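Owing to the predicted nature of the structure, the values given are computational and were not obtained by experimental measurement.
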Amino acid sequence: MEELLGAAPDGADAQVNARRTGRLTLRPPRSVARQRCPHVRRRYAARMGTEPQDSDDLRLFHTGEHACGYWPERAARDLVLDPRDPRLRHWYPHALSWGFRRSGDIVYRPHCAGCRACVAVRIPVDRFVPDRSQRRCLARNANVEMRVLPAHRTAEQLALYRRYLASRHAGGGMDGHGASEFDQFLIGSWSEGRFLELREPSPQGPGKLLAVAVTDCTEASLSAVYTFYDPDHAARGLGTLAILRQIEWARRERRRYVYLGYWIEGHPKMDYKRRFRPLEAFDGRQWHDLP
């Protein structure tokens, strides 16, 4: 039976049709399995048209084919955790460790026929040491101020997001995003997210907004959901700076990992993640250092 699951995992404003394929039978801790959130249950049930079953199992869906967000000539499919499940926020830290990622309210993992190019990666915070290029990036932006704020959209952030999409993703399906797409794609309804802002210094109030790194927070880790920045300041290396500041943030709060989503070897927009070393990769069973 086909069921509509909401926004496409690659962040486009199209929706995907997903087919239920069975159950993910990994068990959460007992305290998670027994917790009940009736108001969340009702909201998801109304959206999906049916009440989730009371069970310690988490249901898993398989999407239909859709255009690959990284290789346009290829078709992609994803595994999606049941977005109706009221325990999704409690499962989410475990899902990160299984190679999943969040886009809006959807927690997904690529699962394409004949292709395993997307590799989930994370930075082990205690072992990370910046290389020479990353140290230069930190020095070049030493005066950039960092603020961590609740994940609530502002007009300033939305304007920067739209400028970034128009510059970096023109014609890619996202450059028409407005306020509702911003909220759906970056914030969602249940995630424990924060906006890491990078700003120019100013003696009077907040300086010019340079970048926003949308970041999910769990007890043991941070997850870099999406970063957008001022295209006029691309030479600063703001994408790299955002990750370096996320690592500092995680280290300060004694979190073990910063998840970077998926790395694709040789892809011009994804290969930069390889420069953060050591970098751990998930092979479908366990995490290991990339050579």
Checking R194 now: which residues fulfil salt bridge (charged side-chain N to carboxylate O under 4.0 Å, His left out) with it, not counting sequence neighbours?
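With sequence neighbours excluded, R194 shows a salt bridge (charged side-chain N to carboxylate O under 4.0 Å, His left out) to no residue whatsoever.
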Look up atom [atom1] in [X] and atom [atom2] in [Y], then write down how far apart they are to the nearest 0.5 Å.
| X | Y | atom1 | atom2 | result |
| --- | --- | --- | --- | --- |
| I247 | R252 | CD1 | CZ | 12.5 Å |
| N141 | L210 | CG | CG | 8.0 Å |
| E145 | S202 | CD | OG | 7.5 Å |
| R77 | C68 | CZ | SG | 14.0 Å |
| L279 | L260 | CG | CG | 6.5 Å |
| R74 | H66 | CZ | NE2 | 14.0 Å |

Do [X] and [Y] have side chains that approach each other closer than 4.5 Å (heavy atoms only, starting at C-beta)?
| X | Y | value |
| --- | --- | --- |
| R109 | Y262 | yes |
| H288 | D283 | yes |
| T240 | L244 | yes |
| R59 | R84 | yes |
| E248 | L138 | yes |
| I243 | I123 | yes |
| Y92 | S191 | no |
| V107 | R101 | no |

According to side-chain hydrogen bond (donor to acceptor under 3.5 Å, both in side chains), who are the partners of [X], at least two apart in sequence or on a separate chain?
| X | answer |
| --- | --- |
| D271 | W263 |
| E280 | R122, R127 |
| D131 | none |
| S221 | T218 |

Provide the closest heavy-atom pair for [X] versus [Y] in the form atom of the first, atom of the second, distance.
| X | Y | result |
| --- | --- | --- |
| Q157 | H152 | OE1-O, 3.3 Å |
| L238 | A211 | CB-CB, 4.4 Å |
| L186 | V214 | O-CG1, 3.5 Å |
| C118 | I264 | SG-CD1, 3.9 Å |
| C137 | G237 | SG-O, 3.5 Å |
| C217 | L222 | SG-CD2, 3.9 Å |

Treating [X] as the side-chain partner and [Y] as the backbone partner, does any N or O pair qualify as donor plus acceptor under 3.5 Å?
| X | Y | value |
| --- | --- | --- |
| E253 | A250 | no |
| R89 | W190 | yes |
| D78 | V80 | no |

In terms of side-chain geometry, is the basic nitrogen of R87 or D85 positioned less than 4.0 Å from the acidic oxygen of its partner?
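The answer is yes: the pair qualifies as a salt bridge.
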Residues D183, R153: salt bridge by 4.0 Å N-O rule:
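Judged by the 4.0 Å cut-off on N to carboxylate O distance, D183 and R153 do form a salt bridge.
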Using side chain to side chain contact (heavy atoms under 4.5 Å, CB included) as the criterion, list what pairs up with [X], not counting sequence neighbours.
| X | value |
| --- | --- |
| S180 | none |
| A159 | none |
| R277 | R274 |
| A213 | L196, T215, T227, A242, Q246 |

Would L88 and L81 count as a side-chain contact (heavy atoms from CB on, under 4.5 Å) if you check the C-alpha gap in whole Å, the side-chain angles of each, and the deciding distance to 0.1 Å?
CA-CA 8 Å; L88 195 56; L81 301 187; 4.0 Å; yes
Kindly work out whether a path of hydrophobic side-chain contacts (I/L/V/M/F/W/Y, heavy atoms less than 4.5 Å apart) joins W71 to M270.
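They do share one cluster, since a chain of ILVMFWY contacts under 4.5 Å joins W71 to M270.
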Do other residues, nucleotides or ligands put more than 12 heavy atoms under 6.0 Å from the [atom1] atom of [X]?
| X | atom1 | answer |
| --- | --- | --- |
| R132 | CZ | no |
| Q204 | CD | no |
| R254 | CZ | no |
| R163 | CZ | yes |

Could you go step by step and tell me if V148 and M146 meet the side-chain contact (heavy atoms from CB on, under 4.5 Å) rule?
CA-CA 7 Å; V148 177; M146 166 180 156; 3.8 Å; yes
Might you work through the side-chain contact (heavy atoms from CB on, under 4.5 Å) test for L241 and L198, ending with a clear yes or no?
CA-CA 9 Å; L241 179 64; L198 299 178; 3.8 Å; yes
Which label fits F276 and Y272: parallel for a plane angle under 30°, tilted from 30 to 60°, or perpendicular past 60°?
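Ring orientation of F276 relative to Y272: perpendicular.
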Which of parallel (below 30°), tilted (30 to 60°) and perpendicular (above 60°) describes Y161 and Y226?
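Geometry flag for Y226 against Y161: perpendicular rings.
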Could you list all the salt bridge (Lys or Arg N to Asp or Glu O under 4.0 Å) pairs where at least one residue sits in residues 198-217, not counting sequence neighbours?
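Counting only pairs at least two positions apart or across chains, the salt bridge (Lys or Arg N to Asp or Glu O under 4.0 Å) contacts touching residues 198-217 are R102-D216, E156-R199, E197-R199, E200-R236, K208-D230.
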Taking only residues at least two apart or on different chains, which pairs with a member in residues 110-129 satisfy ring pair (Phe, Tyr, Trp, His ring centres under 6.0 Å)?
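For residues 110-129: H62-H111.
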Per the ring pair (Phe, Tyr, Trp, His ring centres under 6.0 Å) rule, what does the pair list look like for residues 232-261, sequence neighbours excluded?
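Qualifying pairs, neighbours excluded: Y259-W287.
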Show your reasoning for whether ring pair (Phe, Tyr, Trp, His ring centres under 6.0 Å) applies to F100 and Y108.
CA-CA 5 Å; F100 284 77; Y108 73 97; 8.2 Å; no
Output field: ring centroids F282/W98 closer than 6.0 Å:
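Ring-ring flag for F282/W98: false, centres at least 6.0 Å apart.
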